[in-house]
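Quantities reported herein were computed from a predicted structural model and do not represent experimental measurements.
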Amino acid sequence: MASARPPGQGRLPTGAVNNSVLAFGARHTAAEPEVYALALAEHFLDAAPPVDTAEPSITSSDLTPLEAAAPPSGVHSDVPSGVPSGVRHFTAGRPPRDVARVALSRDGTTTVLGGLRDVELFVTGGATFTGFARDAFTTTRTFTDRVFGARLDVTWWYARASGADHGTCRNRAHRAVVEALAGHTSRSSQHTFCRLGTAVLDACPDVTAVRVEGAHLTRALVDLTPFGTENDGRVYTAADTQRSTVSVDVHRTGTRLPDHPMSTQQSEGGSPCRRDT
């Protein structure tokens, strides 16, 4: 906000902000989240001249129709009689979710970020964790063949505010993350996250920097021998008790990491990883 104004003066009331989000959402149902966020930012700057910067953040979830077959002839339907005809039922689509963030300043400076949230990855073996520093309080074991799991967010920074094909970039980024993990042997969370971020840069020429952040998920084979059953690699524990996350930033040679915050989680701090291009 510009200075020398009483609190709230010149700003849109909360109700108007909420209504704007809904109205612009109705106009952008087929648009990528980045396009919707940019339209909102432009509207808020136009509607509230004292505001210096508008910064909407969008999280998108797909809705999948629940297809219920018609009951056989003579069979009573369980659909309540009060449900109007034409009503459809949905379930939330599976992660990852699409995210976008735009910062638009009155001086014309625009920052556009896209990303994927809640990407969950799992490898049943082959990962290692050795060579780390130790002190008197280190209890972490070394591993030469461990299960590796992670739930992470991937956020990327577009080189330009306009002209990028956001949908294509998001699809390529998701595919790049999956394919990079499939062809990768993890030596640590940082090592793997750097590899995934580099894969996104390689797949998306419109992107100049990527942040990969998330928590290592503890996974282990369950001992089923007390029940007279052999576990052939199908049943694992899932303990989501991690309190901290790892964050790795990857950027192209000749560019610096964006000043705009990219983080979506509370992390231990970013580890830089340069991509020579």
Polar contact flag, side-chain donor to acceptor under 3.5 angstrom, T138-D135: yes

Derivation and outcome, side chain to side chain contact (heavy atoms under 4.5 Å, CB included), residues E213 and V248: CA-CA 6 Å; E213 56 187 338; V248 173; over 6 Å; no

Ionic contact status for R151 with D118, cut-off 4.0 Å: no

D52/R106 salt bridge by N-O under 4.0 Å criterion: no

From T140 atom OG1 to F129 atom CZ, the distance as rounded to the nearest 0.5 Å: 6.5 Å

Linked, directly or transitively: F132 and F143 (ILVMFWY side chains, under 4.5 Å): yes

L201 vs R252 side-chain heavy atoms within contact, under 4.5 Å: yes

Side-chain heavy-atom pair V119, V212 within 4.5 angstrom cut-off: no

Atom pair CG/CG of L104 and L45 - distance to nearest 0.5 Å: 4.5 Å

Pairwise side-chain contact, V123 with L181, heavy-atom cut-off 4.5 Å (strictly under): yes

Whichever hydrophobic residues join Y236 through chains of side-chain contacts under 4.5 Å: F122, V147, L221

Side-chain hydrophobic cluster, 4.5 Å single linkage: members besides F137: none

Under the side chain to side chain donor-acceptor pair (under 3.5 Å) test, residues paired with T192 that sit two or more places apart: H184, S186

Beyond-backbone contact of T53 with T109, side-chain heavy atoms, under 4.5 angstrom: no

Shortest non-hydrogen contact between G125 and D145, atoms and distance: C-OD1, 3.6 Å

Residues which pass ring pair (Phe, Tyr, Trp, His ring centres under 6.0 Å) with F148, listed by chain and number, not counting sequence neighbours: H216

Of all pairs that satisfy side-chain hydrogen bond (donor to acceptor under 3.5 Å, both in side chains), the ones with a partner from residues 15-29, not counting sequence neighbours: S20-H43

Worked verdict on F193 versus V246 for side chain to side chain contact (heavy atoms under 4.5 Å, CB included): CA-CA 8 Å; F193 287 12; V246 171; 4.1 Å; yes

Sub-4.5 Å side-chain heavy-atom contact between L116 and V99: no

Sidechain-backbone polar pair: N231 side chain, V222 backbone, donor-acceptor under 3.5 Å: yes

Where at least one partner belongs to residues 162-184, residue pairs that pass salt bridge (charged side-chain N to carboxylate O under 4.0 Å, His left out), sequence neighbours excluded: E32-R170, E34-R170, D98-R170

Distance-only side-chain donor-acceptor flag, T144 / T128, under 3.5 Å: no

